Amino acid sequence: MRSAAFILLACLLLVDVKGMSQSPKGRCYCMDAGVKFILPKLIEKIEVYYPSPSCENMELVATLKGSGELKCLNPKSRFARNFIKNAQRQKRSPANGSRGRNAS
């Protein structure tokens, strides 16, 4: 009887652990709306975090050159919308060096 109770308890724990969210962030990174503009020459990279079960907001996090400081960009700002549009355009277009050349 005790072994049946132990197996039932183990199954319940397994189901609970498998159903938990496995988001690496655990919550939203940006606490406010974020800045509307950052000079592009100061940006090392921008990471895009799409809405997830742990954070319902789209977040754009810019890493600044030199200092490595992280800044949140407002995804509704014109600068951020243009960045997203350009990134999608670059993703769709083939790389410049991928065209075949005549070997003569």
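What you see below is based on every heavy atom in this structure, not just the backbone, and it leaves out hydrogens, waters and symmetry mates. This one's a predicted model, so the numbers in the text were calculated from it and none came from an experiment.
Note that CD of Glu69 and CG of Leu42 are 10.5 Å apart. Values are rounded to the nearest 0.5 Å. Thr63 contributes atom OG1, which lies 9.0 Å from atom CD1 of Ile46 (distance to the nearest 0.5 angstrom). Of the inter-residue distances, the one linking Glu44 atom CD with Ser67 atom OG reads 9.0 Å to the nearest 0.5 angstrom.
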Check step by step if side chain to side chain contact (heavy atoms under 4.5 Å, CB included) holds for Leu60 and Ile84.
CA-CA 10 Å; Leu60 299 172; Ile84 293 169; 4.1 Å; yes
Apply side chain to side chain contact (heavy atoms under 4.5 Å, CB included) to Lys65 and Ile43, showing your working.
CA-CA 6 Å; Lys65 290 180 183 175; Ile43 298 173; over 6 Å; no
Begin with the C-alpha distance, continue with both residues' side-chain angles, and end with the deciding distance and a verdict on side chain to side chain contact (heavy atoms under 4.5 Å, CB included) for Cys72 and Tyr29.
CA-CA 8 Å; Cys72 291; Tyr29 179 80; 3.7 Å; yes
Could you check Ile38 against Lys71 for side chain to side chain contact (heavy atoms under 4.5 Å, CB included), going step by step and ending with a plain yes or no?
CA-CA 9 Å; Ile38 298 174; Lys71 289 273 190 181; 3.7 Å; yes
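Linking Ile, Leu, Val, Met, Phe, Trp and Tyr whenever their side-chain heavy atoms come within less than 4.5 Å leaves Tyr49 and Met31 in two separate clusters.
Counting all heavy atoms, side chain and backbone alike, Ala33 lies closest to Pro75 at O-CD, 4.1 Å. Closest approach of Ala62 and Leu73 over heavy atoms only: CB-CD1, 4.4 Å.
Heavy atoms of other residues, nucleotides or ligands lying less than 6.0 angstrom from NZ of Lys36 number 12 at most.
Counting heavy atoms from C-beta on, the side chains of Phe83 and Pro40 never come closer than 4.5 Å.
Panel note: side chain Arg81, backbone Lys76; a donor-acceptor pair is recorded below 3.5 Å. When atom types are taken as modelled, the side chain of Asn57 and the backbone of Glu59 share no donor-acceptor pair closer than 3.5 angstrom.
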